Enquirer: 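Shown below is the structure under consideration.
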There are 2 protein chains.
Amino acid sequence: MCPAVLKAAPPTLTQQFEVQTAWSRLAVDGLPAAIRQNARLFGSGSQIVHEGDEVPAVICVVGGWIGLSKSLDDGETQLVDLILPGEFIFALGADRFTSALQVEAITDCVVATIPSAQWTQLKMATPELESLRQALSGASRARIAERMLRLGRGSAEMRIAHALLELCLRLRAIGDGADRTFHIPLTQQQLGEFTGLSSVHVCRTLRRLERNGIIDVADHMDVRVINSARLAEIAKVDLNHLCEEILPDCEPM
Amino acid sequence: MCPAVLKAAPPTLTQQFEVQTAWSRLAVDGLPAAIRQNARLFGSGSQIVHEGDEVPAVICVVGGWIGLSKSLDDGETQLVDLILPGEFIFALGADRFTSALQVEAITDCVVATIPSAQWTQLKMATPELESLRQALSGASRARIAERMLRLGRGSAEMRIAHALLELCLRLRAIGDGADRTFHIPLTQQQLGEFTGLSSVHVCRTLRRLERNGIIDVADHMDVRVINSARLAEIAKVDLNHLCEEILPDCEPM
DNA sequence: CGTAGGGTTGAGAGGTCTCAAAGCGAGTGG
DNA sequence: CCACTCGCTTTGAGACCTCTCAACCCTACG
């Protein structure tokens, strides 16, 4: 079920660096090399770091979607954050050796895990990496807070609407989902784990939004936002504000 | 309602440094001085950083409880994290100028906000500060993930039980709440904002736990955990594991 | 003594969950 | 090429949990 690592990263991986990201615009010489050197391919569903594993200092997602999750013993799972291409994962645990979160490949993906020692070296060479870390982990924290607010206080509709808008903005930021059409590589079950809903209720909620002409969902989560103003209203978000908050840099939609 | 800053920190503040913390055990010469220099007293309810404000690099909580929260326009609020004496707040926003969270004094408290420039200097002088940052922000992230899991998937009882255990452990770690008796300076309303419940339901849930002989709650949140094994079972936590995860260093209870 | 801010308790409404069954599409082996 | 299976989606029905509203109590405080 979980084919572990597929294979060492093939040379073509370099092409994936074309994703426009915060760090690709930074003049950080060592970083691309370090990423290239550590990049590996993971099959969808495979664990990149197990909960409790020794963890690398930084995990760079080059291509594909990563999920950070946490589970109860009975299997109930919460997707705490989704990491998209161009984003990094920092500070997985309280000590530097144990991960508090499970890091799983949602889709097939290319990921570079950078060991602490190497990261320290890189930071010596390029102090800008510190601002990069700050920007990316701040953005992650902001996203999580925003989601947590709706998890604690919002309706199913609000949570779904918010999740769709968040993902739409983030995808746009990496050059995907222009014209507010995009694919979400999650099952309704996983979207439920992300929003704290049962898969059944995710389905109902999506269809209600669709019936009301706010979005359109085709085969397996091909989403088109038809009425983004209305969707933002349901999600109770200010799009401009959300954008500034959850993206390292941005323009509104 | 919100008396802003009460006054500049009086000399007696130094006494509050007695709290045993991760960083007090670190040989970091510059830090206590920097904290003393920037420490101020805030009255309960006052804003330390407003959502959207320019933010300091680090906020050090010397005494009292701080709440990090996020609100919807209609006033619905989620307490994303609670910061206790000895803990620091890092990386409030995606850019370094805008806070994604509201930072509010829950009780009267002593807080030192360290500007970016000074923090950078301190880090130059004492590289260990980097591990400190990593430990503390990792712990915060772990706590948030743990809570988010229960927010998304758990019952009211599980959330309350977890919150009580988390706070009990964290208080014990700073020398408070030995014998599993401790005071939580939150109203039931605020505990509801922390756990994603209405204040009414917080009340009912606490009383149910009390009726079942698991905890005892006296005037205004003086909590005594009577049956910690049962409470952990309800919270679905492994105390040892939780301890390692959410505290920078620890012993189980 | 009156007021205000919590806490407690009840009743009813509503949202979300679970269980269950059926539909659909892609991949597989006959 | 067709059955078959498997995973995912869709829909219905009923149960259950939590919310809201509302009243009352209690304590601290002016």
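Naming convention: chains lettered A, B, ... in sequence-line order (proteins, then strands); numbering from 1 in each chain. Only this structure's heavy atoms are used, side chains among them; waters, hydrogens and symmetry mates stay out. Source: prediction; values computed, not measured.
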Enquirer: Salt bridge or not between B/Glu76 and A/Lys236? Use side-chain N to carboxylate O under 4.0 Å.
Expert: no
Enquirer: May I have the distance from B/His220 (atom NE2) to D/dC29 (atom C1'), rounded to whole angstrom?
Expert: 13 Å
Enquirer: Measure CD/A/Glu210 against P/D/dT10 and give the value in whole Å, please.
Expert: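 So the two atoms are 8 Å apart, to the nearest Å.
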Enquirer: So does B/Glu146 pair up with B/Arg143, basic N to acidic O under 4.0 Å?
Expert: no
Enquirer: When we call it a touch if two heavy atoms are under 4.0 Å apart, what does A/Ser155 touch: a base, just sugar-phosphate, or nothing?
Expert: sugar-phosphate
Enquirer: Can you tell me how far the SG atom of B/Cys60 sits from the CD atom of B/Glu87, to the nearest 0.5 Å?
Expert: 11.5 Å
Enquirer: Using a 4.0 Å heavy-atom cut-off, does B/Arg207 contact any base of the nucleic acid, only the sugar-phosphate backbone, or nothing at all?
Expert: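 B/Arg207: backbone/sugar contact only, no base atoms under 4.0 Å.
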Enquirer: From C/dC19, C/dG6, C/dC17, pick the nucleotide closest to the side chain of B/Thr187?
Expert: C/dG6
Enquirer: Which residue lies toward the 5' end of DNA chain D, A/Arg211 or A/Arg153, if each is placed at its nearest nucleotide?
Expert: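 On the 5' side of the pair lies A/Arg211.
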Enquirer: In this structure, how many angstroms lie between the C1' atom of D/dC16 and the CD atom of B/Glu157, rounded?
Expert: 14 Å
Enquirer: A/His201 has a side chain; which of D/dC19, C/dC17, C/dT8 sits nearest to it?
Expert: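 Nearest to the side chain of A/His201 among the choices is C/dC17.
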Enquirer: Please state how far atom CD1 in B/Ile160 lies from atom C1' in D/dT18, giving the value in whole angstrom units.
Expert: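 Spelled out: CD1 on B/Ile160 to C1' on D/dT18 is 12 Å.
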Enquirer: Check every strand shown and say whether B/Gly154 touches a base, only sugar-phosphate, or nothing at a heavy-atom separation below 4.0 Å.
Expert: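 Result for B/Gly154 = nothing.
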Enquirer: Between C/dT9 atom C1' and B/Arg208 atom CZ, what is the distance in whole Å?
Expert: 14 Å
Enquirer: Can you figure out which of C/dC17, C/dG7, C/dA20 approaches the side chain of B/Cys203 most closely?
Expert: C/dG7
Enquirer: Select from A/Asp219 and A/Ser198 the residue whose nearest nucleotide in DNA chain C is closer to the 5' end of that strand.
Expert: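 It is A/Ser198, whose closest nucleotide lies nearer the 5' terminus.
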Enquirer: When you check the gap from the basic side-chain N to the acidic O, do A/Glu233 and A/Arg230 get nearer than 4.0 Å?
Expert: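 Salt bridge present between A/Glu233 and A/Arg230.
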Enquirer: Could you tell me whether the side chain of B/Arg204 has a donor or acceptor atom within less than 3.5 Å of a complementary atom in the base of C/dG7?
Expert: no
Enquirer: Between A/Gln188 and D/dT10, is there a side-chain N or O to OP1/OP2 distance below 4.0 Å?
Expert: yes
Enquirer: Contact class for A/Gly196 (heavy atom, under 4.0 Å): base, sugar-phosphate, or nothing?
Expert: sugar-phosphate
Enquirer: In this structure, how many angstroms lie between the P atom of C/dG7 and the CE atom of B/Met221, rounded?
Expert: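 Computing the B/Met221:CE to C/dG7:P distance gives 6 Å.
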Enquirer: Could you check whether A/Lys70 pairs with B/Glu245 (Lys NZ or Arg NE/NH1/NH2 to Asp/Glu carboxylate O, under 4.0 Å)?
Expert: yes
Enquirer: In whole Å, I'd like the distance from the CZ atom of A/Arg159 to the C1' atom of C/dT16.
Expert: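 The answer, rounded to whole Å, is 9 Å.
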Enquirer: Atom CG of B/Leu209 to atom P of C/dT8: distance rounded to whole Å?
Expert: 13 Å
